[in-house]
Every structure is written in structure tokens, then in C-alpha cells.
There are 2 protein chains.
Amino acid sequence: MKKGTTVVTMADVARSAGVSTMTVSNVINGRPRVGAATRERVLAAISDLGYQVNLAARHLRAGRTGVVGLAVPELERPYFAQLAGRLADRFEAHGLRIVMERTGASREGEADAVVFSRLRMYDGLVLSVVDSDPAELTQLRNDSPVVMIGERALPSKYDHVMMDNVDGARQATAHLLATGARRVAMLGGNPDWTANMPALRAQGYGLAHTDAGVPIDPELTVRCHFTMQDGYDAIRSLIDRGIAFDAVFALTDVVALGALRALADANLRVPEHVQVIGFDDIDEAPYLVPALSSINPGHEEMADSIVALLMAQINGGPGGEPQELIAPARLIQRGTTKPVV
Amino acid sequence: MKKGTTVVTMADVARSAGVSTMTVSNVINGRPRVGAATRERVLAAISDLGYQVNLAARHLRAGRTGVVGLAVPELERPYFAQLAGRLADRFEAHGLRIVMERTGASREGEADAVVFSRLRMYDGLVLSVVDSDPAELTQLRNDSPVVMIGERALPSKYDHVMMDNVDGARQATAHLLATGARRVAMLGGNPDWTANMPALRAQGYGLAHTDAGVPIDPELTVRCHFTMQDGYDAIRSLIDRGIAFDAVFALTDVVALGALRALADANLRVPEHVQVIGFDDIDEAPYLVPALSSINPGHEEMADSIVALLMAQINGGPGGEPQELIAPARLIQRGTTKPVV
DNA sequence: ATGAAAGCGCTAACAG
DNA sequence: CTGTTAGCGCTTTCAT
């Protein structure tokens with residue numbers, strides 16, 4: 001990219017207004033000690049020349065960017081897209097803009113180091129850690145404001161806002177069991193039982209069964225990724241293998257969407273033949289037909305906490321102990337599950 | 001934010017490795033003319049000190065950031081979130097990262113000037129112009145690579161990738177009329193007939209009626225925003241006012257989602273009593289029950305074109321005439337509409 | 001209330 | 001193959 005034509009700099013404005021660059025800077029940043037007449041002259045020159053601050057230069061010199069980053073595994077997952085919207089509203093109220101980028105699927109070779117150096121471009125960072133190795137997180141300079149979000153319960157030196165995965169999954173499963181289900185398929189279960197989201201939700205699934213005294217058939221746990229297609233395939237797989245089930249706990253609403261389609265294709269009625277519940281309470285859930293029962297993981301509380309913690313770091317410096325907040329999960333009962341009798 | 005602890009700079013690495021900063025720079029950027037031994041020493045020092053490039057400095061000096069921006073009205077709209085995913089894949093293949101930010105809903109006072117200066121932080125910009133005044137676009141320095149996307153057909157000095165709104169809407173409506181519908185409600189129609197997306201789609205709706213020799217009842221056009229709730233309310237409003245309709249053309253799939261829910265609440269069966277078709281072919285469409293018929297606005301073609309045009313500008317400089325590409329719209333017939341007999 | 005000087009951390013251009 | 005010089009456009013500091 002060449003700067004073929006004119007790139008108006010602060011010096012140009014200063015010259016045109018017959019002042020120093022410092023005065024221009026003061027006007028632009030609304031600093032008090034500038035005469036009214038001078039200010040007018042500078043503003044005129046600015047709009048005259050069509051000047052715009054060079055944020056790279058400002059950033060280099062001043063250190064701040066006015067931008068917070070939101071780094072998520074995938075841009076198109078409704079949960080993250082909707083989180084982004086909530087955070088954007090809130091940060092804008094603090095005079096900060098938010099930009100969203102994805103961490104997942106970065107090419108091999110452009111290692112996480114690249115990602116992490118990019119993240120330093122921000123005044124603060126909201127980071128959804130899902131797949132990435134916690135060890136890599138130490139790459140982040142610990143003096144820049146970071147709030148972790150999401151599921152993984154990692155002992156960390158960062159502020160961390162989590163959803164209550166275990167309890168949410170327990171509520172979802174308990175609801176199915178309370179309405180008569182006895183063979184609850186779990187879609188998304190992941191065999192490597194670390195402390196990641198699938199494991200936590202699987203734990204809740206287990207707890208509910210224990211509480212209800214219902215045994216778990218391991219065949220009802222279907223490992224899949226968190227896409228609609230995978231949810232669809234998971235149900236197909238159960239049906240094709242002749243594994244009976246009377247309810248489905250999908251580890252995310254997106255997976256539930258796929259499951260619902262597969263059930264319809266198999267002429268299984270929801271909720272009469274098979275109940276379905278998801279997790280995340282995405283915006284689409286209440287509009288599905290039948291409306292999707294789900295677990296609201298405390299969207300508003302999480303967004304509020306994230307912003308509060310990050311703003312505290314940005315304004316107050318390193319501050320004290322890292323906080324770890326857990327938002328409450330709430331069962332949202334809709335048409336894909338039967339009412340409790 | 002204070003740089004309380006150590007901020008490792010390139011000079012530190014150079015000192016520690018016993019070379020000049022230039023050599024460090026050469027190593028980091030993979031430039032060829034560096035001895036193998038030196039390279040090793042530098043890399044060791046880098047990982048030793050935990051050095052990370054300061055992108056602000058690089059940007060200021062080199063002019064490039066390795067980042068393209070995607071500016072959209074709202075982060076949570078599925079169409080944009082899914083577009084972002086497609087673009088991210090493609091740009092990464094060119095060694096560029098993509099970040100997404102929203103243009104809509106910026107606070108009054110922090111004018112568009114702020115937005116536009118931010119956008120200069122990118123090597124290139126993909127800009128979805130929907131509501132913003134074309135006049136403001138001139139704020140963008142015309143020497144920085146920009147590709148406009150979306151609907152509005154504005155004569156512009158920028159590369160512009162559009163979907164074929166008129167023809168897509170015509171196909172959608174024609175399909176409904178061909179399958180026997182005679183009173184097609186249009187959801188999202190906007191009375192101010194400028195060249196924006198609702199107007200273009202409304203135009204296609206009109207064309208199809210003319211072609212089929214079916215008159216349009218203006219009462220069937222319901223103005224609404226592009227949210228599920230508005231789609232829901234629009235259908236309710238028709239029903240409450242006793243306006244009969246046998247099909248619905250929702251100007252976006254999101255609106256269709258709301259409409260489907262409202263129809264279900266009114267015990268109107270889809271597609272037996274009322275057919276429904278949307279526009280955008282969002283990822284969720286095939287998974288709904290019944291699956292949502294829609295217009296695929298040429299997702300892949302658009303993404304390919306956007307990337308090609310932007311890369312051409314980034315690599316080739318201002319280049320020649322601004323291009324204007326229109327992706328072909330395709331009818332995707334699914335379960336919410338009846339097959340043509 | 002305004003200005004002069006210095007330099008943030010990096011890289012382009014040239015020397016050696 | 002490696003180093004030197006200069007400076008990107010802004011803001012901090014200190015002077016006036």
C-alpha cells in the first residue's frame with residue numbers, strides 16, 4: 001500500500017493553523033489549556049485538510065488504543081456472536097470500542113506467538129480459552145489487562161468469568177429425568193476428561209443421574225463437535241445403531257438444532273417421543289418450533305462481570321488478587337421438553 | 001495501564017544476542033540474508049527474554065499491519081457472523097488476519113470520524129454499508145484498500161461486491177406464486193424507497209407479481225426491522241388485523257424465524273396453510289423444522305470476490321477502475337414452501 | 001496558554 | 001551476511 005497521494009499529518013494541520021503540533025494535539029484530545037480562538041482555528045484546519053489521527057503513532061507513543069479485543073474460537077458460533085453484541089454495548093458506554101477476532105484455526109507456522117502479539121494491540125482483552133493450551137497463556141504479558149471467559153476451570157493468575165457448567169448440565173438433565181425420561185442421550189460428550197467444557201457438562205449429566213438414581217448407559221454418550229451437522233450425525237448414529245433413547249441433552253444449542261432436524265427426519269416427535277434440551281440459550285432458541293428448552297448460562301451477569309473486571313484492570317492497574325466469578329445457570333423450559341407434572 | 005515490569009524490546013534481544021536490531025528484525029521477518037548460526041542465537045534470545053514484536057511500532061514504521069478489518073452493522077446477525085467466518089478462512093490463506101467490528105449503534109458524540117480513523121489501522125477494509133450515509137464514506141482516505149459489500153447500489157469509487165437483491169427477491173416471490181400462493185405477505189418492506197436493501201428486495205417482489213399477473217395488496221407489506229422479534233410481531237399484526245395471506249416472503253431468514261414462530265402460535269401450518277421463504281440462506285436454514293426455503297445470495301462467490309478485490313488493491317496499489325460485482329442469487333427450496341407442480 | 005525538544009520501537013535504505 | 005543512520009506521527013516533559 002503506497003501513500004500515493006496526500007497523507008495529512010498533524011504537522012500539516014499545525015502549519016496551516018499557524019500553531020505547533022502540540023496545540024493541535026491538545027485540541028484533538030480535548031485538553032483544557034487551549035484558547036477558544038486557537039481551538040477554532042485548529043478545528044477549521046483539521047476539517048479543511050481532512051486530517052485524521054494516526055492511531056498507530058498515538059498507540060506507539062501513548063500506549064493506549066481505545067480498543068478492547070474479544071478473542072473467540074470461532075466468529076460464527078451464535079453464542080460468541082451474541083456475546084460480542086452484549087459486550088460491545090457495554091464497552092461503548094465506557095468509551096471503548098470492541099473488535100472481535102478468532103483464535104481457532106490459525107495456520108500452523110503462524111504460531112500462537114503471532115496471535116498473542118496481536119492481542120497486545122488492545123487496551124484490554126477478553127479471551128475465550130477453549131482449546132488452547134493454558135501453558136501458552138503465559139505468553140500474554142501479565143501486565144496487560146485480560147479477562148478469561150468460558151468454561152475451562154483453570155487455576156490462573158487472570159480474572160476469570162465462568163458459567164456454571166456442572167450445575168447447568170445437572171439442571172438440564174434433572175429436568176429430563178423429572179419429566180419421565182430414563183434414557184437420556186448426551187451429545188457432545190468428549191472422552192478426554194480434562195476440565196474443559198464437555199467434561200464439566202458431562203459431570204452435571206452424571207450428577208443428575210446419580211441424584212435420580214437412574215443408571216447411565218455409556219452408549220448414550222455420543223462424542224461430537226459443536227456444529228449442527230455433528231448434532232445431526234450424532235442422532236443418526238444412535239438411530240442407525242438401534243440405541244434407544246427418550247431424551248437428548250445437547251451440550252450446546254447449536255448441537256440441539258442438528259439433533260432436532262435428525263429427529264424430524266426419523267419421524268420422531270419432539271417432545272412426545274423424544275425430549276430435547278440444549279445449553280447456551282441462544283437468541284434463536286425461543287423462536288424454534290417447538291421452542292428449544294435450554295440452560296441460560298447467565299448471559300447478562302457474565303457480560304456485566306467481564307466488563308467490570310476488565311475496566312477495573314484498565315483503570316486501576318494490576319490491582320489485587322485475580323477474581324474468579326461464576327454466573328448462575330438457569331433452566332429455561334420451552335416446548336422441546338415436557339412440563340414437570 | 002502501566003508497563004510496570006519489563007517490556008522486552010528489540011534492542012534488548014539484539015544486545016543479548018550480540019547483534020544489531022536490524023539483524024533481529026531480519027530474523028523475525030524471515031528475511032533471507034541471515035546466517036544460520038546468527039539466526040539460532042537470535043531465536044534463542046527471543047524465546048529467552050519472551051520478546052514479542054510491538055505491532056504499533058511496526059505499523060507506524062512499515063505502514064502495514066497484517067490485519068484486514070471487517071466492519072458490519074451488527075456482530076450478532078447470523079449473516080454477518082457467517083460471512084466473517086468465510087472471510088477469515090480465505091484471508092488467512094493470504095497470511096492476513098481478520099478482525100470484525102461493528103459500525104452500528106455508535107454513541108452520539110463519538111462521531112463517524114472516530115470510526116473511520118480506526119479503520120485506517122487495517123491493511124484493508126471490508127465494509128458493509130447499510131445505514132450509513134454515503135457522504136461519510138468520503139472520510140475514508142481513498143488510498144487505502146476498501147471493498148464495499150452488501151446491498152445498496154451506490155455509484156461509488158470503491159470496489160463493490162453485491163448480492164443480486166432484485167433477482168433473488170423475484171425468484172423467492174415467483175416460487176411462492178408458482179406454487180399457488182396469491183396473497184404473499186412481505187416482511188421487512190420499508191416505505192422509503194431509496195436504493196437500499198429493503199427497497200431492492202421489494203422491487204423483486206413487485207417484479208414477480210407483475211410477471212405472474214398477480215396484483216399486490218399494499219396491506220400485505222409489513223415494515224419491520226431485521227430481528228426475529230420483529231418478524232414475529234409482523235405476522236401477529238397481520239393476523240390481528242384480519243389480513244388474509246397464504247405465503248410469506250421474509251426479507252431475511254432471521255425475520256423468517258420470527259414469522260415461523262408466530263405462525264405456529266396461530267396454529268397455521270407451514271407450508272400447508274402458509275408458505276414461508278426467507279433470504280440469506282443462513283447456516284441454520286436447513287436445520288429448521290420444517291427446513292427454511294431461502295435465497296442463497298452467492299455466499300461463496302461473494303467471499304471469493306471480496307478477497308480477490310481486496311488483495312488486488314493491497315498488492316497492486318490503487319489499480320484501475322473500481323469494480324462492481326454482483327453475485328448470482330439461487331433459490332434453495334426446502335420444506336417451508338411447496339414443490340412446484 | 002503555547003511551544004521546543006526528545007523519543008516511543010521498529011524497519012527502509014544504504015554501507016561495509 | 002551484518003551494521004549504521006534516519007525517521008514514521010504522535011505525545012510527554014519541561015520551558016516560556
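Note on naming: letters A, B, ... go to the chains in the order of the sequence lines (proteins, then strands), and numbering restarts at 1 for each one.
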Students often get this wrong, so: under 4.0 angstrom with heavy atoms, is R39(A) touching a base, only sugar-phosphate, or nothing? nothing

Roughly how far, to the nearest 0.5 Å, is the CG atom of D159(A) from the CD atom of E324(A)? 9.5 Å

Separation of dA13(C) P from N29(B) CG (nearest whole Å): 14 Å

Report yes or no: does Q313(A) contribute a side-chain atom to a donor-acceptor pair with the main-chain N or O of V146(A) at less than 3.5 Å? yes

Which residue in the set R64(A), R97(A), E101(A) passes side-chain hydrogen bond (donor to acceptor under 3.5 Å, both in side chains) when paired with Y122(A)? E101(A)

Establish, with yes or no, whether the OP1 or OP2 oxygen of dG9(C) is under 4.0 angstrom from a side-chain nitrogen or oxygen of R61(B). no

Categorize N26(A) for me: base, sugar-phosphate, or nothing, with a 4.0 angstrom heavy-atom threshold over every strand shown. nothing

Within the side chain of D123(B), is there an N or O that forms a donor-acceptor pair under 3.5 Å with the backbone of T65(B)? yes

Describe the nucleic acid contact of T9(B) in one word from base, sugar-phosphate, nothing, applying a heavy-atom distance below 4.0 Å. sugar-phosphate

Gap between atoms CZ and C1', on R31(A) and dT11(D) respectively (whole Å): 7 Å

Under 4.0 angstrom between T23(B) side-chain N/O and dG3(D) OP1 or OP2: yes

CZ of R15(B) versus C1' of dG9(C): gap in Å, rounded? 13 Å

Value in whole Å for how far the P atom of dG9(D) lies from CD1 of I46(A): 16 Å

Is the distance from OP1 or OP2 of dT11(D) to the nearest side-chain N or O of S25(A) less than 4.0 Å? yes

Rounded distance in Å - CG (L60(B)) to C1' (dC10(D)): 8 Å

Quick check: on DNA chain D, is the nucleotide nearest A62(B) upstream (toward 5') of the one nearest M22(B), or the reverse? Name the residue that is more 5'. M22(B)

In this structure, how many angstroms lie between the P atom of dA12(C) and the CE atom of M10(B), rounded? 10 Å

Let me know the distance between CZ of R64(B) and P of dT11(C), rounded to the nearest Å. 7 Å

Nucleotide dC1(D), atom P - distance to CD of E40(B) in whole Å: 15 Å

CD1 (I46(A)) and CZ (R41(A)) are apart, to the nearest 0.5 Å, by 12.5 Å

dT2(C), OP1 or OP2 - any side-chain N/O from T38(A) closer than 4.0 Å? yes

Measuring from the side chain of A57(A) (C-beta onward, heavy atoms only), which nucleotide among dT11(C), dG3(D), dG9(D) has the closest atom? dG9(D)

